[in-house]
Amino acid sequence: MKILKEEAQGIMQRRVFITSLVIVLCVVGWGAYKLFSTKSAMYDTQRILVVVRSTGEVKEITDRDIIRRIVDVVVHNERDGLEGIILQPYTYSLEFFTEDTGFGPLLCYRDLGICRFEQDTMGRYIEVPDEFFRWIEEGLKEQPSK
């Protein structure tokens, strides 16, 4: 009876060890992926210059959380297939500034739910949710007009 009990404890200890090893390997693998995966330089944006087309106002978004959310959408939601010319006026024009460089202008059309870089000639666009425009407006409320 004592031998069976010791064998059962040995089996449990091995299971715990193997499970712990698998968890550690997963955490190390995830950390290595995060450390060595490439990311867009756009994530280094420090401020976004916004032109509100309807009023001509020029404002800045400097809130890091809002910038991160906006950049996430821009980086992850780019699509192919925009055909033709958009004739309607944009709602917002965004220019992204990092320490070394800039991106844009990115023309955003609220009625269409899309944005596109002004210089794009390849038919690429960015699908944006309604909350994207709310984030822009939230960032604009925090900054005075220029």
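Numbering of residues begins at 1 and proceeds along the displayed sequence. The figures here come from the full heavy-atom set of this structure, side chains too, leaving out hydrogens, waters and symmetry mates.
- Distance CD/Glu127 to CG/Asn77: 6.5 Å, rounded to 0.5 Å.
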*Could you give me the CA-CA distance, side-chain angles and deciding distance for Thr98 and Phe103, then say whether side chain to side chain contact (heavy atoms under 4.5 Å, CB included) is met?*
CA-CA 8 Å; Thr98 67; Phe103 302 92; 4.0 Å; yes
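- In summary, the side chains of Thr55 and Glu57 do present a donor paired with an acceptor at a separation below 3.5 Å, with no hydrogens or angles considered.
- When side chains are defined from C-beta on, Leu94 counts as touching Cys108, because their heavy atoms get closer than 4.5 Å.
- Taking CD1 of Ile136 as the reference point, atom CD1 of Ile61 lies at 6.0 Å (rounded to 0.5 Å).
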*Determine, stepwise, if the pair Tyr92 / Cys115 fulfils side chain to side chain contact (heavy atoms under 4.5 Å, CB included).*
CA-CA 9 Å; Tyr92 298 109; Cys115 296; over 6 Å; no
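- Between Ser93 atom OG and Ile48 atom CD1 the span is 11.5 Å, to the nearest 0.5 Å.
- Between Glu138 and Arg69, at least one side-chain nitrogen of the basic residue sits less than 4.0 Å from a carboxylate oxygen of the acidic one, meeting the salt-bridge criterion.
- With respect to the salt-bridge test (charged N to carboxylate O, under 4.0 angstrom), the residues Arg68 and Asp65 qualify.
- When all heavy atoms of Arg64 and Gln46 are compared, the closest pair comes out as NH1-CA, 3.4 Å.
- When side chains are defined from C-beta on, Ile126 counts as touching Phe117, because their heavy atoms get closer than 4.5 Å.
- Lys59 contributes atom NZ, which lies 10.0 Å from atom NZ of Lys141 (distance to the nearest 0.5 angstrom).
- The shortest non-hydrogen separation linking Arg110 to Arg134 is NH2-N, 4.2 Å.
- Annotation: side chain of Ile86 is in contact with side chain of Arg116 (closest heavy-atom distance under 4.5 Å).
- Looking at Tyr43 and Asp72, their side chains do bring a donor and an acceptor atom within 3.5 Å of each other.
- The aromatic rings of Tyr109 and Tyr90 lie perpendicular to each other, with more than 60° between the two planes, well past the 30° mark.
- Shortest non-hydrogen contact noted between Asp63 and Ile66 is OD1-N, 2.9 Å.
- In Gln88, the CD atom is crowded: over 12 heavy atoms of neighbouring residues, nucleotides or ligands sit closer than 6.0 Å.
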*Check against side chain to side chain contact (heavy atoms under 4.5 Å, CB included), Leu49 and Phe97*: CA-CA 8 Å; Leu49 190 69; Phe97 292 95; 3.7 Å; yes
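- One distance of note links CD1 of Ile67 with CZ of Phe96; it measures 9.0 Å at 0.5 Å rounding.
- Note on Arg47 versus Glu95: no salt bridge recorded, every NZ/NE/NH1/NH2 to OD/OE distance being 4.0 Å or above.
- Across Met42 and Val74, no two heavy atoms sit closer than the pair SD-CG1, 3.6 Å.
- Taken to the nearest 0.5 Å, the OG1 atom of Thr91 stands 8.0 Å off from the CG atom of Leu112.
- The shortest distance between side-chain heavy atoms of Leu140 and Val50 falls below 4.5 Å.
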